[in-house]
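Contents: one structure, followed by commentary.
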Amino acid sequence: MIFRSLPVLTVTGARATPAGPRQVHWNRAARMLLDNIVWLILAACLLIFSLSISGFFSYENYVNILHQSVFIAILGIAEAFVLISGNMDLSVESVAACTAIISVWLCASSPYASGLMLNTWAALGIVLLTGACIGAFNAFFVLRLKVDSFLVTLSTYIVVRGLAVLITGGMGMNGLPASFRLVDTAKMFQIPLMVFLMVLFYVFFSFLLRRTRFGRHVYIIGGNKAAAYNFGIAVNRVLLWVFVLSGVVSALTGWFMAARTNGATASMATGFLFEVLAAVVIGGVSLSGGMGSLVGVFAGALILSSIHSALNITAASPFLTEVMRGLLILVAVVLDALRRMFR
Amino acid sequence: MAENARRKVILRLEGISKSFSSVVALNDVSFEIYENEKIALVGDNGAGKSTLIKIISGNFPPDRGELFLDGRRVSFKSPVDARKAGIETVYQDLSVCNNLDSVANLFIGRELTRVPLGLPILRMKAMEDTTIEVLKKVGISMPSVRDRMEYLSGGQRQAVALGRFVAWGKRLVLLDEPTAALGVRETKQVLTLVESTAREKTSILLISHNLLQVFEVVDRIVVLRHGEVVGVREKSSTTPDEIVSMITGAIFIKNRKRGAPAKRRR
C-alpha cells in the first residue's frame with residue numbers, strides 16, 4: 001500500500017533548486033568529465049610529446065618517465081590519504097628529505113656520516129619509525145589541540161627540514177652499501193625494482209582505501225565529519241592512522257631517494273611538496289576532502305614526469321621548468337575549483 | 001491515561017537536566033514513551049528539543065537525571081551505545097555523505113566486514129544486496145545504489161537516511177525535523193513512510209516545528225518550553241490552538257504538572 005503511495009519519489013524527485021532532468025544530466029556529465037580529466041590530460045601530453053619531440057617516443061624514455069615519477073607518485077599516496085580525510089599534510093617533502101638524510105647518515109661510508117655503517121634493513125626500520133613518529137606528532141596537534149592541519153604541518157615542514165640540515169651540517173654524504181641501493185640498481189626489462197614496488201604500493205593502498213573499513217571511514221570522515229561521529233566512527237583513531245601512514249610512506253620515499261642518488265644532501269626533494277599537491281589534485285583528489293582515487297593520483301604523477309622529460313629532452317631553460325611547475329599548480333587548483341562549482 | 005497504564009513503557013526520562021555554562025537548556029524533564037507509540041516533541045527555538053534528543057541519542061550525558069530503557073537504567077557514553085541499545089536517530093541534516101553512494105551511507109559506521117588477516121575488509125556484495133532490499137522496503141527505486149549521493153534528489157537522499165531506521169531502528173527511532181529540507185509532497189511521503197514502516201514494538205519520537213504534521217502523525221504530544229515540560233497531551237484530547245498556546249507560554253502556569261512555577265534562568 002505504501003509502495004503505491006510513493007511513486008513520485010521514484011522519479012527524479014524535486015530538487016532544492018529547480019533544475020530540470022536535462023540540466024541534471026549535463027551537470028552529471030560535467031562532473032564525470034572533471035573527475036576523470038586526468039586521463040585526458042595524460043593522453044594528450046604523451047601524444048603531443050611523442051609526435052612533436054624527437055627522442056621522446058622510445059622504450060628507454062618511457063621507462064625513464066616511470067622511474068622519474070616514483071617519488072612524486074609515492075608521496076602522492078601519502079598526500080591523497082590525508083586530503084581525502086579532510087586534512088592537509090605539508091610535511092611530506094621534509095619528512096622524505098629528513099629520512100633520506102638519516103638513512104644515509106646511518107649507513108654510508110662517507111666521512112660526514114655517523115660512521116656506524118648500520119645494516120640496511122635496520123636503517124630502514126629506524127627510518128620508517130621516524131616517519132611514524134613525525135606523523136603521530138602532526139596528529140597530536142591536529143587531533144588533541146585542534147590546530148588546523150595546514151598550520152601544524154606547515155610548522156613540521158620547516159622544523160623537519162631544519163633537522164635534516166642540522167644532521168648533515170649542510171654537507172652532502174654518499175657511499176651507500178649495495179644492499180641499500182638494490183631498489184634502484186636491480187632491474188627487470190630495464191625497469192628498476194622501485195618502479196615495481198611503486199606499482200605494488202598503489203595496488204595495496206588502493207585496496208586499503210577502497211575495500212577496507214579503514215578506507216571507507218577515511219572517505220566518510222572527509223565527506224561529513226559530524227556524521228562520522230554521530231554514527232560511531234572513531235574519528236580521531238582513524239585520523240591518527242592517516243597521519244602515521246602519511247609519515248611512514250613519506251619516510252619510505254626518502255629511503256628510495258637516498259638509494260637512487262647514492263647519498264643525501266640537505267637540499268634534496270626541495271619543491272616536491274608542490275609537485276605532489278599538483279599531481280594529487282590534478283589526479284582528482286579534492287582539497288576539501290572526501291573525493292578522489294589513487295589511480296588518478298598515479299596518472300597525475302605521470303603527467304608531471306612526462307612534462308619534465310619533455311623539458312629535459314628539448315633542453316629547455318631551467319627557468320621555463322619553473323614556469324611550467326607554477327602553471328601546473330594553477331591548473332590543479334582551477335580544476336579543484338571547477339569541480340566544486342559543479343558539485 | 002487508563003489505557004496508557006496498561007501499555008509497556010519503552011523509555012522513561014526522569015528529571016533530566018542539562019546546562020551549558022550558565023544557560024539552563026533542560027530542567028527536570030520527565031516523561032515516558034510507550035511501546036509502539038508515535039510521540040511528538042514540540043517547542044519553540046531554544047526550548048531544549050535538540051539538547052534532549054542529543055541526550056537520548058547518546059551525544060552527551062545529562063547533568064542530572066536518569067534514562068530507563070525497558071525498565072533498566074542506561075547511561076550512554078556515545079551514540080554507538082544508544083544505537084546498540086536499539087535507539088536510532090535520523091538527524092536534521094540527514095547526516096549523509098554526499099561523496100559516497102547509497103550503500104556506504106546506509107551502512108555508515110556499521111559496515112559489514114570479514115577479517116581474514118586482521119584487516120576488516122568490506123563485504124561489498126552483501127551490503128549492496130541489503131541496501132537494495134531496504135530501499136525497496138522504503139518504497140523508493142533508484143537508478144543505481146552505487147551512485148554517489150550528490151547525484152540524487154532530496155527525496156532520494158531522505159529515503160536513504162530513513163532507510164537506516166527501517167533497517168536498524170529496533171526500540172525507538174528519533175526523527176529530528178525529518179522534513180525540514182523537503183517540499184510539501186515529499187514531506188507527505190516521508191510522513192506516510194514513518195507511519196507505515198514503524199514496525200511492531202518500534203516507537204517513534206518526532207521533533208517538528210510543524211504542528212500540522214504533528215497532528216497528522218502522532219498519538220501524543222510533549223511540549224517543551226524554556227527547557228521544561230509544560231504539558232503532555234493525547235492528540236484526541238487537545239487542539240493545535242492549545243498546543244500553540246503551550247509553546248508560546250500563554251497557558252504556561254496552568255498546565256504545569258509539578259509544584260512551583262518555573263523560574264526563568266539567565
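Labels below follow one simple rule: chain letters A, B, ... track the order of the sequence lines, proteins then strands, and each chain is numbered from 1.
Contact record, B:Cys97 with A:Gly223: SG-C, 4.5 Å, taken as the closest heavy-atom pair. Across every non-hydrogen atom of A:Arg213 and B:Thr113, the tightest pair is CB-CG2, 3.9 Å.
In B:Lys54, the NZ atom is not crowded: 12 or fewer heavy atoms of neighbouring residues, nucleotides or ligands sit closer than 6.0 Å. Counting heavy-atom neighbours within 6.0 Å of A:Lys225 NZ, excluding the residue itself, gives a total of 12 or less. Heavy atoms of other residues, nucleotides or ligands lying less than 6.0 angstrom from CZ of B:Arg110 number more than 12. With a 6.0 Å radius and a threshold of 12 heavy atoms from other residues, nucleotides or ligands, A:Leu145 has its CG atom above the threshold.
Contact check for A:Arg216 versus B:Met127: side-chain heavy atoms found under the 4.5 Å cut-off. A heavy-atom distance below 4.5 Å is found between the side chains of A:Tyr229 and B:Pro79. Counting heavy atoms from C-beta outward, B:Leu100 and A:Met291 have side chains that stay 4.5 Å or more apart. Side-chain atoms of B:Asn59 and A:Asn230, non-hydrogen and from C-beta on, do get closer than 4.5 Å to each other. The closest side-chain heavy-atom distance from A:Leu208 to B:Leu119 is below 4.5 Å. Counting only heavy atoms from C-beta outward, the side chains of B:Val80 and A:Phe231 never approach each other to under 4.5 Å. Looking at heavy atoms from C-beta onward, A:Asp35 lies in side-chain contact with B:Arg148 at the 4.5 angstrom threshold.
Put simply, CG on B:Asn99 and CG on A:Asn224 are 8.5 Å apart, with the number rounded to the nearest 0.5 Å.
Among B:Leu122, B:Val96, B:Asn105, B:Ile121, the residue making the largest number of heavy-atom pairs under 4.5 Å with chain A is B:Leu122. Contact count versus chain A (heavy atoms, under 4.5 Å) is highest, among B:Ala104, B:Pro120, B:Gly109, for B:Pro120.
For B:Arg164, the part lying near chain A is the side chain, with the backbone staying farther off; criterion is any non-hydrogen pair under 4.5 Å. When heavy atoms are compared at a cutoff of 4.5 Å, A:Ile220 approaches chain B by way of both its backbone and its side chain.
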